[in-house]
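Predicted model only: the values in this text are computed from it and were never measured.
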Amino acid sequence: MNFVKRAGMSLGARKSKTAALLAIFVVLCTLLLGGFLLQAAAARQEADAQRVIGVDVTVRQKGLTPALADELGASDVVNRYNPRLPVRAAARGLAPLTSDAPQPGGEAGEPDQAPLAVNGVRDAGLLLPFSYGSTKITAGRGIGPEDADRDIALIERRLADRNHLAVGDIVRVLSEDGAHPMPLKVVGIFQDPTQDPSSWTPPHELPGNTLYVPMATAQQLGTGTGTVGEAVYRIGSPDRAERLHAEAERVLGESGFDFRVNDKAYQDQVRPIQQVGVFAGLIVQVIALAGALILGLIVTLQIRERRTELGVLLAMGERKWKLIGQHAVEVAAVALPAVAVAALAGQLAGQSAGDALLGPQDDTPSAQHGAPDPGAVAGPTVRVEPGTVGRVAGIGLGISLVSTVVPGIGILRLHPRSILTDSE
């Protein structure tokens, strides 16, 4: 009789033991699949975290120009970047805020001809107060790279309230020398938590008189060539900082610039995700090893229980390798449906398990322009894919082969006469 057919008959005749073996395989395959799904979900969440959170590198240099900042921002390790160009501007038809405290000396001085502190930006979401949530946009939106050629402004709430401005209104400003008038459309209103100073302060130093505009607009308002106060570059991970530093040395010179890496948000959120991925890999290895040992022990016990059956088959001239093959087919026939059951279980419960281990996170974007808050990393997406199921099936079949072939070596030492004599 063909040993494959004989394996099927043996499984049918020993229903209770077959069911127990199936249950063991279901648990084994479910744990294996869970480990692989957790690894994949952790990898996807880590990639999202690197893209959304990243690592901020702040570069400062005396004489840093917008052109140099853009050249460094073109590096392939930079995901986003934002230079900040501070200039002064005068107001036309716009009442700037003034200090409530009396001016030192007891007499009012000359009115400030440029009371507005204007900052040219490329991507407002990378400004540190916005990036870390201390300053928030309360209406409208921020400024992004697509606004480079637009005459728009992001203004502080106190200035908007004093002039009864809302999103969509037009404010008119002048260059510091008064030579270049410029109408700006208000696209957003932000709230700076900094309180007004208790002592007298020049208008351009009051937090309420701060505006953010695109870089080109700031350059038109400036009276000179303009130098960037600082530039923030967002990279994917801390290990890319060395590459960006080397690029900065090439663009800015080997000395004379300040290069600071802030990876706290990255470390706080990405490292735990990486640890979960490592833990999931260890789970897969331990389960595979433990599964092979457990099934090997079960098959060894089955071989001992079926010594008489094996002796009869050997006496009838059955080859020993076919007996080993019969046991391998029996175990493999149980492993395949177990993989299907595990895949169904993973489809039903995988997402909730991923949320429990990786933690669902709020992926609602913050009020800044198109830039999610550093803590806003999307929750893990757990998907049961054919490739993952195939890996589980491959490991399951590998375990079944190892767990039958290794104990089956003992069959090679069996002799029909001794087996039948011992059974009498």
Side-chain angles (χ1 to χ4, degrees), residues 41-61 64 69 72-73 75-84 86 119 121-137 142-145 190-195 207 210 212 228-249 252 257-280 354-355 357-380:
R44 284 192 292 270
Q45 195 174 15
E46 181 183 349
D48 290 340
Q50 289 183 350
R51 176 180 52 82
V52 175
I53 301 173
V55 174
D56 287 340
V57 176
T58 303
V59 177
R60 296 184 180 93
Q61 184 190 45
L64 178 62
L72 184 57
S75 171
D76 57 357
V77 300
V78 175
N79 297 334
R80 297 166 60 187
Y81 74 98
N82 179 65
R84 183 180 64 84
N119 293 276
V121 297
R122 180 180 184 271
D123 188 344
L126 289 183
L127 290 166
L128 295 183
F130 289 88
S131 181
Y132 293 101
S134 59
T135 299
K136 297 181 179 179
I137 295 177
I143 296 174
F190 68 92
Q191 183 173 0
D192 188 337
T194 306
Q195 299 295 324
T210 300
Y212 293 100
V228 173
E230 64 181 19
V232 177
Y233 298 88
R234 178 157 295 175
I235 56 180
S237 58
D239 55 3
R240 298 184 180 181
E242 292 185 2
R243 293 175 56 191
L244 182 61
H245 188 275
E247 189 70 14
E249 288 182 339
L252 307 177
F257 65 89
D258 184 34
F259 189 92
R260 297 186 181 183
V261 180
N262 184 355
D263 62 348
K264 184 178 185 302
Y266 181 92
Q267 299 291 351
D268 288 345
Q269 294 209 35
V270 176
R271 292 304 183 198
I273 298 173
Q274 292 176 335
Q275 291 172 359
V276 171
V278 173
F279 175 70
D355 289 341
L357 289 171
L358 288 171
Q361 315 248 352
D362 180 16
D363 60 350
T364 303
S366 66
Q368 56 195 323
H369 178 86
D373 184 80
V377 181

Separation of R44 CZ from I273 CD1 (nearest 0.5 Å):
12.5 Å
Is the closest side-chain heavy-atom distance between L244 and V78 below 4.5 Å?
yes
Shortest non-hydrogen separation from R60 to G229 and the atoms involved
CG-O, 3.9 Å
Which atom pair, heavy atoms only, marks the closest approach of A69 to L64?
N-CD1, 4.2 Å
List in chain and number order the residues that pass side-chain hydrogen bond (donor to acceptor under 3.5 Å, both in side chains) with T194, two or more places apart in sequence or in another chain; answer none if no residue qualifies.
D192
Working note: L126 + R80, criterion side-chain contact (heavy atoms from CB on, under 4.5 Å); need CA distance, chi angles, decisive distance, verdict.
CA-CA 8 Å; L126 289 183; R80 297 166 60 187; 3.7 Å; yes
Could you tell me which non-hydrogen atom of V121 sits nearest to which non-hydrogen atom of R84, and how far apart they are?
CG1-CG, 4.5 Å
Not counting sequence neighbours, which residues clear salt bridge (charged side-chain N to carboxylate O under 4.0 Å, His left out) with E46? List them please.
none
What distance do L252 atom CG and D258 atom CG have between them, rounded to the nearest 0.5 Å?
11.5 Å
How far apart are the closest heavy atoms of P207 and Q195, and which atoms are they?
CG-O, 4.2 Å
For Y81, ring pair (Phe, Tyr, Trp, His ring centres under 6.0 Å) partners two or more places apart:
Y233
Does E242, at its CD atom, have more than 12 non-hydrogen atoms belonging to other residues, nucleotides or ligands within less than 6.0 Å?
no
For R243, give me all partners under side chain to side chain contact (heavy atoms under 4.5 Å, CB included), at least two apart in sequence or on another chain.
D76, V77
Between T135 (side chain only) and F130 (backbone N and O only), is there a donor and an acceptor less than 3.5 Å apart?
no
Closest approach of V228 to P83 (non-hydrogen atoms, all atoms of both residues):
CG1-CB, 3.8 Å
Does the side chain of L127 come within less than 4.5 Å of V232's, by heavy atoms?
no
Can you measure from CG (L128) to CG (D56) and round to the nearest 0.5 angstrom?
6.5 Å
Search all heavy atoms of I143 against all heavy atoms of Y212 and return the closest pair with its distance.
CD1-O, 3.2 Å
So among V55, V57, V270, N262, which one has a side chain to side chain contact (heavy atoms under 4.5 Å, CB included) with P238?
V55
By side chain to side chain contact (heavy atoms under 4.5 Å, CB included), which residues pair with N79, not counting sequence neighbours?
R240
May I ask you to test the F257-E249 pair for a side-chain heavy-atom distance under 4.5 Å?
yes
Contacts of type salt bridge (charged side-chain N to carboxylate O under 4.0 Å, His left out), residue R271, not counting sequence neighbours
none
